[in-house]
Amino acid sequence: MNIKANDLSKIYGNGENGVTALSHVNLSIVSGDFISIIGPSGSGKSTLLHLLSGLDRPTFGSVTYDGKEIYRYSEKELSAFRRRRIGFIFQQFHLLPVLTAMENIIMPLLLDRRQPDLNYLNQLAELLGIQERLYHLPHELSGGQQQRIAIARALIAKPDIIFADEPTGNLDSKSGKEVIELLQNVGKKMGKALVLITHDSRIAQMAERQLQIVDGVLSEVKR
């Protein structure tokens, strides 16, 4: 898996009222990468994630996955592409309260009319330490356990890459560190790329590559 962003830019509004959220970003991501992107609120972090993952379209520039430009897809094709090749983890867990942990995990597959691979589900549950929690409802789980369920849901479709947008924002520092270590461990064992958006420098430093974004401009952080 090879992702390339070339001259990626996003401008909201027109003419003098236009606001540049992202400016001329170039970035490459390959299988197994663990990349953190840090920056203050409003710097363009989430905009970049949305463009890289096909959730929003750039004003200009391109994003290719294995040489294919994703923004040439129709909306239906792009939606299917996201379901099958990309996993998302957000600050809010977005678990459906009336469904068990297992039902929440497999929901993306059912929406795509696919049956879950139970052996793979059990492997994920073991890696994430949630084997004993699969039949619990979300309100019966701690915040850290709910985020682990959300991670399993992001991985259930066997995506190439995980995009995590402030995944520790609703957790205490100990639980947050544990979640990032789990993500790192799962990514390595399964050969997934992980791109983590954060404003927490301690979390960002856990990544193998650290980038920063300021006023829409992306740069590498030298260690």
Side-chain angles (χ1 to χ4, degrees), residues 1-11 20-39 43-91 108-109 112 124 150-167 180 182-198 203-214 216-223:
M1 191 270 307
N2 191 328
I3 302 171
K4 288 187 180 296
N6 182 44
D7 202 30
L8 201 60
S9 297
K10 181 68 176 182
I11 301 170
T20 300
L22 207 66
S23 181
H24 305 286
V25 165
N26 295 287
L27 178 65
S28 294
I29 305 167
V30 298
S31 298
D33 271 350
F34 178 17
I35 299 171
S36 67
I37 302 175
I38 192 168
S43 60
K45 302 187 304 297
S46 293
T47 298
L48 176 57
L49 182 148
H50 292 164
L51 296 181
L52 290 173
S53 61
L55 287 172
D56 194 9
R57 292 181 179 270
T59 304
F60 53 86
S62 64
V63 176
T64 60
Y65 279 65
D66 298 328
K68 294 184 178 179
E69 167 57 69
I70 65 171
Y71 289 109
R72 291 181 180 173
Y73 295 154
S74 68
E75 287 299 330
K76 183 177 180 180
E77 290 170 333
L78 191 55
S79 180
F81 168 82
R82 286 194 302 265
R83 288 196 304 268
R84 294 165 189 171
R85 297 198 63 179
I86 298 173
F88 296 98
I89 303 169
F90 299 102
Q91 180 175 337
L109 293 179
D112 204 27
L124 282 179
I151 291 169
R153 181 183 58 196
L155 287 163
I156 193 64
K158 303 180 183 179
D160 299 318
I161 186 168
I162 301 294
F163 288 106
D165 193 354
E166 301 283 4
I180 299 304
L182 276 170
L183 276 172
Q184 187 175 20
N185 182 45
V186 170
K188 284 185 176 180
K189 287 190 174 182
M190 296 188 168
K192 310 297 183 187
L194 170 63
V195 176
L196 169 69
I197 303 293
T198 185
I203 295 295
Q205 288 167 9
M206 296 173 69
E208 294 161 359
R209 291 174 60 195
Q210 186 178 343
L211 307 175
Q212 67 178 359
I213 188 164
V214 178
V217 177
L218 187 72
S219 60
E220 194 99 21
V221 175
K222 295 182 179 179
R223 306 214 179 201

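Applying the side chain to side chain donor-acceptor pair (under 3.5 Å) definition to pairs two or more places apart or across chains, none involves residues 182-198. Residues in residues 47-71 take part in these salt bridge (Lys or Arg N to Asp or Glu O under 4.0 Å) pairs, two or more places apart or across chains: Lys10-Asp56, Arg57-Glu75, Asp66-Arg85.
With sequence neighbours left out, the side chain to side chain contact (heavy atoms under 4.5 Å, CB included) criterion links Ser53 to Leu49, Leu55, Ile86, Phe88, Phe163. For the ring-ring contact (aromatic ring centres under 6.0 Å, His included) test, residues two or more places apart in sequence or in another chain that qualify with Tyr65 are Phe81. Here Asp165 pairs with nothing under the salt bridge (Lys or Arg N to Asp or Glu O under 4.0 Å) rule; sequence neighbours left out. Here Ser74 pairs with Lys76, Glu77 under the side chain to side chain contact (heavy atoms under 4.5 Å, CB included) rule; sequence neighbours left out. For the side chain to side chain donor-acceptor pair (under 3.5 Å) test, no residue two or more places apart in sequence or in another chain qualifies with Thr59. Residues passing the salt bridge (Lys or Arg N to Asp or Glu O under 4.0 Å) test with Asp7: none are found, sequence neighbours excluded. Looking at residues two or more places apart in sequence or on another chain, you find a side chain to side chain contact (heavy atoms under 4.5 Å, CB included) between Ala164 and Ile89, Pro167, Leu194, Leu196. Residues passing the side chain to side chain contact (heavy atoms under 4.5 Å, CB included) test with Val30 are Asn2, Asp33, sequence neighbours excluded. Annotation: side chain to side chain donor-acceptor pair (under 3.5 Å) contacts of Lys4 (sequence neighbours excluded): Ser28. Listed by chain and number, the residues in a ring-ring contact (aromatic ring centres under 6.0 Å, His included) with Tyr71 amount to none (sequence neighbours excluded).
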